[in-house]
Protein chains: 4
Amino acid sequence: MTQHSYRLVGICPDQVGIVARIAGFIAAHGGSIVGASQYEDTETRMFYMRYVVDADSLAMEADAFRAAFEPVARELQMEWRLTESQRPQRVVLMVSRQDHCLADLLHLWRSGDMPFNPVCVISNHEDLRPLVEWHGVPFHCVPVPPDTEGKEAAFEATSALIRAARPDTIVLARYMQILPPWLCGEYAGRIINIHHSFLPSFAGARPYHQAFQRGVKLTGATCHYVTEELDAGPIIEQDVIRIRHHDTIDDLVRLGKDVEKTVLARGLRYHLEDRVLVQGNKTVVFS
Amino acid sequence: MTQHSYRLVGICPDQVGIVARIAGFIAAHGGSIVGASQYEDTETRMFYMRYVVDADSLAMEADAFRAAFEPVARELQMEWRLTESQRPQRVVLMVSRQDHCLADLLHLWRSGDMPFNPVCVISNHEDLRPLVEWHGVPFHCVPVPPDTEGKEAAFEATSALIRAARPDTIVLARYMQILPPWLCGEYAGRIINIHHSFLPSFAGARPYHQAFQRGVKLTGATCHYVTEELDAGPIIEQDVIRIRHHDTIDDLVRLGKDVEKTVLARGLRYHLEDRVLVQGNKTVVFS
Amino acid sequence: MTQHSYRLVGICPDQVGIVARIAGFIAAHGGSIVGASQYEDTETRMFYMRYVVDADSLAMEADAFRAAFEPVARELQMEWRLTESQRPQRVVLMVSRQDHCLADLLHLWRSGDMPFNPVCVISNHEDLRPLVEWHGVPFHCVPVPPDTEGKEAAFEATSALIRAARPDTIVLARYMQILPPWLCGEYAGRIINIHHSFLPSFAGARPYHQAFQRGVKLTGATCHYVTEELDAGPIIEQDVIRIRHHDTIDDLVRLGKDVEKTVLARGLRYHLEDRVLVQGNKTVVFS
Amino acid sequence: MTQHSYRLVGICPDQVGIVARIAGFIAAHGGSIVGASQYEDTETRMFYMRYVVDADSLAMEADAFRAAFEPVARELQMEWRLTESQRPQRVVLMVSRQDHCLADLLHLWRSGDMPFNPVCVISNHEDLRPLVEWHGVPFHCVPVPPDTEGKEAAFEATSALIRAARPDTIVLARYMQILPPWLCGEYAGRIINIHHSFLPSFAGARPYHQAFQRGVKLTGATCHYVTEELDAGPIIEQDVIRIRHHDTIDDLVRLGKDVEKTVLARGLRYHLEDRVLVQGNKTVVFS
């Protein structure tokens with residue numbers, strides 16, 4: 001668990017010899033591969049990979065490794081990144097009033113079960129300040145008024161707070177506002193949302209009411225990357241829970257909370273461990 | 001398992017004393033209640049119930065019981081029916097070419113694990129004749145041509161076969177044709193379909209292709225009553241199975257078969273045991 | 001949700017007419033039945049029931065209802081109790097160092113999603129005092145030394161604290177000590193434990209290590225009533241989660257936490273809502 | 001799906017450069033890697049791997065590939081095998097009277113959803129002959145008398161039938177006899193059993209009765225390799241299904257059948273696709 005490792009993640013056009021090339025490069029530097037996943041999309045002929053290398057087995061720092069790998073990546077036309085397990089991501093958490101997802105993430109962080117750096121929490125309400133501050137995490141409240149002008153100003157302020165926090169990842173842990181396209185675009189592939197339905201069913205507002213009206217027998221939650229189109233970004237993780245005819249909308253909301261927090265925690269963990277590679281509007285998730 | 005019992009199923013406006021009235025009626029005839037379920041819809045103020053009575057404990061036959069209950073039902077303004085566990089329903093099974101659902105249902109019937117009377121199988125293809133006839137069940141093939149006129153004639157022929165079979169229930173066990181509205185209407189609440197997606201996601205044609213394109217992480221199946229609107233009838237049962245980025249559409253089809261047959265078998269069992277009461281476009285399913 | 005209701009729960013020998021007798025009694029007092037569950041154990045010929053009555057529909061208080069029902073119960077030889085939905089149970093929570101179950105229960109209570117009265121938390125360590133006190137719940141630390149004499153004194157002190165708290169229910173939310181038989185006996189049927197395995201597999205110490213050694217493909221958790229025999233009491237709820245060959249014991253511990261807290265929360269909810277009736281060494285759980 | 005591929009599966013002591021060595025070897029022969037899984041057991045320092053190579057991308061037949069790989073394997077001290085996707089395994093199926101698992105496997109085979117060669121079925125009863133022969137598969141009945149001598153003779157006859165069938169794998173699809181140690185030993189790692197409980201709970205006889213007595217809330221099934229110790233071999237796959245207080249032992253048996261057939265089908269598929277590597281008394285299962 002506490003082993004220091006590098007994660008080499010990349011996407012490139014498929015061709016014979018990629019694995020040999022990558023593994024050969026790592027071996028040539030004495031690197032011990034402690035995990036390797038790859039996937040060839042036979043339709044698009046693209047290759048996705050994630051290699052985990054024991055950092056102690058290498059005679060070089062991360063930056064030296066990056067410099068050495070650069071020519072290999074260029075040759076393979078690979079988009080790639082190298083991350084370090086001991087540098088937890090900086091994460092900005094955004095919430096409204098409901099705290100089940102936020103409380104779960106803060107608990108996972110505090111107990112050491114999910115390593116990340118919760119730089120700050122931004123909310124459009126004051127409600128969760130005590131919870132957040134008890135955890136020693138900075139809390140910023142930026143109310144979002146209903147009018148267009150007020151909204152825009154609020155998102156400018158929000159954007160400034162985010163920029164100052166220099167996050168690797170932004171988590172919408174039940175932040176009940178729709179982010180403006182320019183903000184989504186700025187952090188493409190780095191904003192994670194939890195939607196309280198099994199998408200693509202019941203996108204948009206009040207999914208539990210929609211589910212109740214349709215009479216489905218399972219309700220779900222979806223963790224996905226935010227794109228400009230509402231609830232339509234690449235899906236990272238989903239799950240469902242059984243409901244019954246006697247369950248009211250209040251019951252659905254309550255039962256759904258368990259799925260929401262579990263699905264968000266799982267999806268965020270995959271993302272933080274660099275297991276998720278975006279593939280068009282879908283995701284490759286290496287387990 | 002082999003106990004002979006009556007199932008008294010009903011829907012009526014809610015009021016104080018219904019349970020006492022029903023249970024009192026049963027007790028007055030010496031009836032031993034071996035199962036009782038009820039549900040009050042607080043929105044519509046309707047009452048749904050299912051009582052199972054040990055037939056041997058009653059000093060009367062089913063018809064005498066029906067006659068005796070009639071005044072009680074009238075007084076309560078109840079829509080009701082009384083069925084006998086020892087009179088398995090007559091079921092017409094309809095299929096196209098894929099046999100996973102049909103083979104499962106025939107197996108459940110033959111092994112005695114799901115009591116019903118498979119009166120006949122109707123298909124628009126000849127493929128499954130050997131399987132069906134090996135089970136000793138009559139098989140009728142009615143090809144369905146693509147043109148409107150031919151289609152209509154085919155459904156007339158199908159309808160005649162169904163009528164002759166006098167079914168209690170019709171099961172579309174992957175019958176890949178859309179039944180005409182007049183046929184759906186004739187057997188309202190008695191036609192059960194299995195749709196190979198987690199409705200309302202991916203209604204209509206080629207749901208596995210739709211699921212693959214959207215990149216969902218779970219695929220599902222839905223057992224529902226057929227209404228005139230395609231894939232929009234009351235849902236009886238649903239379930240899902242996990243899929244991954246490396247699963248092809250062929251994999252989805254294969255994995256989905258397991259969910260389809262399980263969901264159809266469960267939904268049909270609930271229906272055959274009179275556990276399902278239609279409530280508008282939803283269902284009450286007593287477990 | 002906020003409706004005031006009475007729950008009438010009972011066990012008696014089976015006979016014809018029980019439901020009519022109970023429902024008739026309720027109706028005679030104008031009571032509106034908003035939920036009813038019953039179960040006949042055909043082996044032991046015992047009858048288990050749970051009736052929920054709208055309190056506002058009755059012209060009497062709970063105590064008057066109890067007095068009126070007493071003769072009916074006597075006649076039916078019924079062991080019974082009547083509880084009020086608006087009188088949340090007094091619950092004593094016991095923990096050691098791990099807080100995932102405790103934090104989840106306190107969150108459910110604070111958010112109003114699980115109504116109970118957390119009278120106090122008792123722990124054999126100081127670690128969780130800040131978390132508990134932040135919630136405004138009294139925290140008592142009673143260290144449990146390893147020697148027999150020290151242990152006995154510790155449990156005397158613990159027992160005194162419990163007695164002072166007058167709990168309806170005691171929850172061992174990962175309290176890693178074995179309670180002495182005399183304490184188990186004093187609160188029989190009222191102490192709920194979460195065991196971190198799918199019982200009866202891996203009872204006793206270090207279940208995740210046992211599961212890892214055996215190479216099971218699922219790990220689980222069990223919520224059960226505590227009896228004098230370790231991990232052998234009536235099971236209320238269980239669930240499992242999938243694990244894989246590359247999961248270490250640390251991974252099992254982490255993955256298991258999710259199941260533990262979910263299973264304990266579900267089991268406790270059933271208990272608090274009077275849905276659980278003990279039947280020898282098994283439970284009837286009305287859903 | 002119909003792609004012709006080689007599967008190179010191996011176990012060897014871990015060391016730096018294995019992946020590079022293997023992938024380099026494959027690339028040197030022009031091989032296109034279409035799937036690769038590896039796992040390092042940090043405790044035992046052993047390396048497990050499975051590589052899938054597009055057969056058409058290689059300029060050599062399987063045997064030439066084996067010969068070429070031999071020196072590499074020797075150098076790595078690797079236990080290995082190379083299998084061809086287009087050579088389905090020869091499988092002997094053994095059953096008693098219950099046909100749910102057998103019917104499912106034969107259906108999967110006949111529909112092309114699980115490629116294997118069902119060489120023959122051996123049973124200690126005549127019951128399933130019609131089903132098996134309808135599928136065109138040879139059926140042998142070898143009754144197993146209760147006395148030691150008769151048993152031994154029966155297993156000699158069974159062994160002769162198996163030997164004649166030259167199976168790669170033997171599947172005990174609910175064969176209710178305990179195989180003698182000498183027979184287990186002869187086909188070590190090649191006999192797959194389905195046990196109708198969530199092992200290690202309820203090993204041995206009548207697991208559903210044991211589960212019923214203990215009052216568990218989930219019942220399960222376990223697919224495992226047969227070893228000389230009863231129900232104690234390496235587990236390949238497990239799953240569970242929820243049961244409730246009103247379920248009788250007959251209900252458990254019926255509900256369990258679904259889990260049994262699903263778990264056996266999944267476990268056998270993993271085995272047939274060379275995804276399972278035995279690791280002491282555990283298994284590595286590459287997904």
Side-chain angles (χ1 to χ4, degrees), chain A residues 37-43 48 197-203 207 210-225 231-250 259 263 266-267 270 275-287, chain B residues 37-43 48 197-203 207 210-225 231-250 259 263 266-267 270 275-287:
Chain A
S37 313
Q38 47 261 325
Y39 166 64
E40 302 72 27
D41 183 335
T42 50
E43 242 177 90
Y48 299 79
S197 84
F198 183 74
L199 290 175
S201 288
F202 315 132
Q210 295 183 55
F212 182 81
Q213 292 307 329
R214 181 59 188 92
V216 288
K217 298 301 183 187
L218 303 167
T219 185
T222 303
C223 175
H224 64 96
Y225 288 114
D231 298 331
I235 294 170
I236 304 171
E237 174 65 350
Q238 299 186 292
D239 216 336
V240 293
I241 196 170
R242 192 157 288 273
I243 52 175
R244 281 170 313 179
H245 60 267
H246 53 66
D247 287 319
T248 61
I249 291 179
D250 284 344
V259 194
V263 166
R266 281 205 300 249
Y270 298 153
R275 298 180 181 280
V276 190
L277 282 77
V278 174
Q279 168 199 29
N281 202 42
K282 302 165 69 169
T283 59
V284 170
V285 180
F286 289 126
S287 62
Chain B
S37 312
Q38 47 261 323
Y39 165 63
E40 303 72 27
D41 183 337
T42 50
E43 241 178 88
Y48 300 79
S197 85
F198 182 68
L199 290 175
S201 288
F202 315 132
Q210 295 183 54
F212 182 81
Q213 292 307 329
R214 181 59 188 93
V216 288
K217 298 300 184 187
L218 303 167
T219 184
T222 303
C223 175
H224 64 96
Y225 289 113
D231 298 330
I235 294 170
I236 303 170
E237 174 65 350
Q238 301 186 291
D239 216 336
V240 293
I241 197 170
R242 192 159 289 274
I243 53 176
R244 281 170 314 179
H245 60 267
H246 53 66
D247 288 319
T248 62
I249 291 179
D250 284 344
V259 194
V263 167
R266 280 207 300 250
Y270 298 153
R275 296 180 181 281
V276 190
L277 282 77
V278 174
Q279 169 199 30
N281 201 43
K282 303 165 69 169
T283 60
V284 170
V285 179
F286 290 125
S287 62

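Letters A, B, ... are given to chains in the order of the sequence lines, protein chains preceding strands, and every chain is numbered from 1.
Of the atoms belonging to A/Tyr48, not a single heavy atom falls under 4.5 Å from chain B. Contacts between B/Glu40 and chain A at a heavy-atom distance below 4.5 Å are absent for every atom of the residue.
If you check the side chains of A/Lys217 and B/Thr222, you find no donor sitting under 3.5 Å from an acceptor.
Inter-residue side-chain proximity for A/Leu277 and B/His245 is flagged as unmet; no heavy-atom pair is nearer than 4.5 Å. For the pair A/Ile235 and B/Arg214, the minimum side-chain heavy-atom distance is below 4.5 Å. B/Val216 has its side chain within reach of A/Pro200: a pair of non-hydrogen atoms, C-beta onward, lies under 4.5 Å apart.
Taking chain A as the reference chain and counting heavy-atom pairs below 4.5 Å, the highest number among B/Gly233, B/Pro234, B/Ser287 is found for B/Gly233. Contacts with chain A were tallied for B/Thr283, B/Leu199, B/Asp41; B/Thr283 has the most, counting heavy-atom pairs under 4.5 Å.
Taking NE2 from B/His246 and CZ from A/Phe286, the interatomic distance works out to 9.5 Å, rounded to the nearest 0.5 Å.
Take A/Arg242 and apply the salt bridge (Lys or Arg N to Asp or Glu O under 4.0 Å) test, not counting sequence neighbours, and it matches B/Glu237, B/Asp239.
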